[in-house]
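Both counts, for ligands and for their atoms, begin at 1 and track the order of listing.
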Amino acid sequence: MYCVRNITEDLYWVGANDHRTYLFENIHPIPRGVSYNSYLLLDESTVLFDTVDWSVSRQLIENMHHVLDGRDLDYLLINHMEPDHAATIEEVLIRWPGCKVISTEKAFMLMRQFGFSVDEHEQIIVKEGDTYTFGKHTVTFVEAPMVHWPEAMVTLDVTNGVLFSADAFGSFGALDGKMFNDDVNFERDWLPDARRYLTNIVGKYGPHIQLLLKKASTVLDKIKIVCPLHGPVWRSDLMWFIEKYDKWSRYEPEEDGVMIAYASIYGNTEAAAQALASKLCEKGMTNVWVYDVSTTHVSELISESFRLSHIVLASVTYNLGIFPVMLEYLEHMKALNLQNRTMAIVENGSWAVKSGDLMQDFIDTNLKNMTVLNERLSMASALDSSQKPELEMLADAIIESMGKTE
Ligand code: FEO
């Protein structure tokens, strides 16, 4: 059965939802699923904007047949050719062999690398500032390198203000019928997955997102609807979402708050993390979030690290090193360029307490613009009640560094 939605009078969502994939990119859990958005324009020419992941290709084809209703497909416009959107290119071209393909030179190169058979079809190579007319609708192209791959572009329909934004403004989460941002309570139900998507997938490329936002700011008044490749279509409150993107891509925290990430074997480092959380709340800082790095997926840890201003790393020493899952979390921070946070260190070890120095060294060597508080909490096997003053000092230092001391 087809499943399509009108976006405007002549533009249709013909994508698909996926609740079967457990790991997006084979690394990030997506318990709420994901949507692969593809859009079909019926103008004097017909135009498909991007395809879908191979896993939902049959749904795309069925949707296209329904909307085309016997018309031919004239153009396939590829904004982003990562296979979660491009894997069905070949199938579309087999079924509509007269279709011309519009994309960037780099995208065509990557299509060949991936073995998509585009060379038997007419190729229209476009670059920033070019325009193309399909009848009533004229589009213009804006290059968006590294958002999220080097070949990416976004396409603005200057006739009606629809921006096909590729990976930008996307989110994890299947649509399940709810197509627009105002069909859902986005802040409550979608923001965590939108943040997790952006920070983990494109977090490394903050400056490139900033560049795209700068380009978008020059045509903001012309943008009426944003059609991303994942998640809801935006038709209101776009500035609210742009401000989130601006913060994430400048590596600025959204909120003053403390994330305590602990690595604990027998529960003693965990107990110290809980004691610190309790002390912070007692002193009035209640925006406190405690995570076990062993049981919290690293994509969640990264997402929360982008949200909050303060990160406490509490790790046991393991094989004279940092506990492996804590090290993995730190490696992801490095890979995704996280910066501008205040950090604190809690260390544990029964005969050689090494994890604190090693975490400090990792931060100093690999992370940018991090402030590590001097008040390190160090324990031998477990936090002793005699260390209550040290716990107080650490909690005070965290709060003072937020300018909220009591
Ligand atoms: Fe959803 Fe970069 O692809």
**Item:** Considering only N, O or S atoms of E82, the one closest to atom 2 (Fe) of ligand 1
**Value:** OE1
**Request:** Starting from atom 1 (Fe) of ligand 1, look over the N/O/S atoms of D84 and name the nearest one.
**Result:** OD2
**Message:** Tell me whether W240 at atom CH2 has more than 12 heavy atoms from other residues, nucleotides or ligands lying less than 6.0 Å away.
**Reply:** yes
**Electrostatic pair D176:R32 at N-O distance under 4.0 angstrom** = no
**Prompt:** Is H80 close enough to atom 1 (Fe) of ligand 1 to have an N, O or S atom under 2.8 Å?
**Reply:** no
**Message:** Between D53 (side chain only) and H85 (backbone N and O only), is there a donor and an acceptor less than 3.5 Å apart?
**Reply:** no
**Request:** For R196 and I302, indicate whether the former's side chain and the latter's backbone hold a donor-acceptor pair under 3.5 Å.
**Result:** no
**Item:** Atom name, H148 (N, O or S, nearest to atom 2 (Fe) of ligand 1)
**Value:** ND1
**Asked** Does a salt bridge link E143 with K127, judged by any charged N lying under 4.0 Å from a carboxylate O?
**Response** no
**Asked** Quick check: does H85 put an N/O/S atom under 2.8 Å from atom 1 (Fe) of ligand 1?
**Response** yes
**Message:** Looking only at N, O or S atoms in D167, which is nearest to atom 2 (Fe) of ligand 1?
**Reply:** OD2
